[in-house]
Amino acid sequence: MERLLEIEDIYERERKECIHEIDEMINDQHIKNVVMNFVCQKCGSNLVSPIEGLTPLTLMCKSCSDEFEYEKSMVEIISRQYSMRNYVSYKETGTYETYECPNCRNDSFSEEEQICLICGYQKRYEKCWRCGETLTVDEQILEGLCSACNNEYNSLMEDD
Ligand SMILES: [Zn+2]
Ligand SMILES: [Zn+2]
Ligand SMILES: [Zn+2]
């Protein structure tokens with residue numbers, strides 16, 4: 001019984017330390033939240049914290065000493081989570097649940113949550129300023145126009 005308590009104590013202490021390190025070493029609020037809830041893909045422990053001074057962001061599991069790059073592991077986790085869901089969604093509705101993020105270029109922009117699950121990118125333009133259509137993540141490069149309005153605009157320019 002005493003031994004068990006000891007183990008719990010050690011766990012609590014290490015978890016606190018991880019949270020402290022995550023808080024100290026990661027500035028981005030989205031990434032911070034993701035790493036706080038990150039579970040080691042090898043052993044399932046949440047005693048995960050960043051390795052100081054490493055870019056790209058690399059995490060270490062204090063239980064099994066496994067090291068892994070944040071972005072790479074997230075790409076794997078998301079593709080595992082979403083490949084089937086994207087397949088089904090596309091078959092049923094013609095749309096995907098995740099799209100390519102214009103910022104980190106991974107297929108990690110969640111349509112449901114309207115945020116990139118890896119880098120935290122959020123759409124800059126919500127709606128087309130000309131017709132009010134909701135803009136997809138692919139249309140963000142058109143500076144606030146939807147692709148239909150953008151095409152129209154381009155053909156007007158060509159006619160001149
Ligand atoms: Zn581990
Ligand atoms: Zn991203
Ligand atoms: Zn439009």
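Atoms within each ligand, like the ligands themselves, are counted from 1 in listed order. Bear in mind the structure is a predicted one, so any value in this text is a computation, not a measurement.
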Validation: residues 121-133 side-chain donor-acceptor distances under 3.5 Å, sequence neighbours left out:
residue : atom : partner : partner atom : Å
Lys123  : NZ   : Gln114  : OE1          : 3.0
Lys123  : NZ   : Leu135  : O            : 2.8
Arg130  : NH2  : Glu152  : OE2          : 2.9

Within a radius below 2.8 Å of the Zn ion (ligand 2), how many protein N, O or S atoms are present?
4
Roughly how far, to the nearest 0.5 Å, is the CG atom of Asn154 from the SG atom of Cys149?
11.0 Å
Could you state the interatomic distance from SG (Cys116) to CE (Met74), rounded to the nearest 0.5 Å?
8.0 Å
Test of geometry: compute the angle SG(Cys40)-the Zn ion (ligand 1)-SG(Cys43) and round it to 10°.
110°
Work out which heavy atom in Asp23 is nearest to a heavy atom in Lys32; give both atom names and the distance.
OD1-NZ, 2.9 Å
For residues Ile26 and Pro50, report the shortest heavy-atom separation together with the two atoms involved.
CD1-CG, 3.9 Å
Angle subtended at the Zn ion (ligand 3) by SG of Cys128 and SG of Cys149, nearest 10°
110°
Between Thr98 and Asn86, is there a side-chain donor-acceptor contact under 3.5 Å, judged purely by atom types and distance?
yes
Aromatic plane relationship, Phe68 with Phe38 - under 30° parallel, 30 to 60° tilted, over 60° perpendicular
parallel
